[in-house]
Amino acid sequence: QLQLVESGGGLVQPGGSLRLSCAASRFTLDYYGIGWFRQAPGKEREGVSCISRSGGSTYYADSVKGRFTISRDNAKNTVYLQMTSLKPEDTAIYYCAAPRRITPVQAMCNMLNLDYWGQGTQVTVSS
């Protein structure tokens, strides 16, 4: 079974940047599209950004467009989420996830379509 591990979270001031990584073990990521999700306290988990297997297609939630960039390096078996101009409302646990089957990139950002999940990494944006 695909195992995903997130890293790169932490505490950052408003306006700052962080880069999250999602690494895979047991299987290569080439076969899988990957989605980044987040869940803030008391809120539902939401799709942030998703990327196709090749990296040629991406999707961003309106709340992060222009500030976050998703990318992947299949040679390193890793997907990244570069976050800039961070705001306090970006504070959440961030998860990466993958669907078992080939899924259109926008549909991949619906958590109901994801089968494999990492354990999450905390991002806190605060002064």
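The figures here come from the full heavy-atom set of this structure, side chains too, leaving out hydrogens, waters and symmetry mates. Keep in mind it's a predicted model, so treat the numbers as computed, not measured.
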- Mind jotting down which residue pairs meet the disulfide (SG to SG under 2.5 Å) criterion with at least one end in residues 3-95? Sequence neighbours excluded, please. Cys22-Cys96, Cys50-Cys109
- Taking ILVMFWY side chains as joined if any heavy atoms are under 4.5 angstrom apart, and letting links pass through other members, which residues group with Leu112? none
- Query: According to a 4.5 Å side-chain heavy-atom criterion applied to Ile, Leu, Val, Met, Phe, Trp and Tyr, with indirect links allowed, do Tyr32 and Ile102 form part of one hydrophobic cluster?
  - Reply: yes
- Sequence neighbours left out, what pairs pass salt bridge (charged side-chain N to carboxylate O under 4.0 Å, His left out) with at least one residue falling in residues 4-33? none
- Query: Between Val79 and Ile70, is a side-chain contact (heavy atoms from CB on, under 4.5 Å) present by the stated rule, with each step listed?
  - Reply: CA-CA 7 Å; Val79 173; Ile70 191 170; 4.1 Å; yes
- Query: Is the backbone N or O of Leu29 less than 3.5 Å from a side-chain atom of Asn77, with the two atoms forming a donor-acceptor pair by type?
  - Reply: yes
- Ser127 side chain to Gln13 main-chain N or O, any donor-acceptor pair under 3.5 Å? no
- Sorted by chain and number, sequence neighbours left out, side-chain hydrogen bond (donor to acceptor under 3.5 Å, both in side chains) with Tyr94 holds for Arg38
- Message: Minimum heavy-atom separation for Leu4 and Gln119, please, with both atom names.
- Response: O-OE1, 3.8 Å
- Pairwise distance OG1(Thr78) to CG(Leu20) - rounded to 0.5 angstrom: 12.5 Å
- To the nearest 0.5 Å, what is the distance between CD (Gln106) and OG (Ser52)? 13.5 Å
- Task: For Gln3, check side-chain hydrogen bond (donor to acceptor under 3.5 Å, both in side chains) against everything at least two apart and list the hits.
- Result: Ser25
- Test salt bridge (Lys or Arg N to Asp or Glu O under 4.0 Å) applied to Lys65 - qualifying residues, sequence neighbours left out: Asp62
- Query: How long is the gap from CG on Leu114 to CE on Met108, to the nearest 0.5 Å?
  - Reply: 8.0 Å
- Item | Steps toward side-chain contact (heavy atoms from CB on, under 4.5 Å) verdict (Val12, Ser17) | CA-CA 7 Å; Val12 63; Ser17 299; over 6 Å; no
- Message: Applying a strict under-4.5 Å side-chain criterion to I, L, V, M, F, W and Y, I'd like to know whether Tyr116 and Val48 cluster together.
- Response: yes
- Keeping to residues at least two apart or across chains, list the salt bridge (charged side-chain N to carboxylate O under 4.0 Å, His left out) pairs with something in residues 67-81. Arg67-Asp90
- Query: Which pairs count as salt bridge (charged side-chain N to carboxylate O under 4.0 Å, His left out) when at least one residue sits in residues 115-126, sequence neighbours excluded?
  - Reply: Arg100-Asp115
- For Glu44, does the CD atom have more than 12 heavy-atom neighbours from other residues, nucleotides or ligands under 6.0 Å away? no
- Could you note down all residue pairs passing ring pair (Phe, Tyr, Trp, His ring centres under 6.0 Å) where residues 36-88 supplies at least one of them, sequence neighbours left out? Phe37-Trp117
- Item | Hydrophobic cluster identity match, Leu2 and Tyr31, side-chain contacts under 4.5 Å | yes
- Residues in ring pair (Phe, Tyr, Trp, His ring centres under 6.0 Å) with Tyr95, at least two apart? none
- Item | Considering all heavy atoms, the nearest Leu81-Ser49 contact | CD1-CB, 4.1 Å
- Taking all heavy atoms of Asn113 and all of Pro99, pick out the closest pair and write down the distance. O-CB, 3.4 Å
- Can you list the residues that meet the side-chain hydrogen bond (donor to acceptor under 3.5 Å, both in side chains) rule with Arg45, with sequence neighbours excluded? Gln39
- Please identify each residue that fulfils side-chain hydrogen bond (donor to acceptor under 3.5 Å, both in side chains) with Thr124, with sequence neighbours left out. Gln122
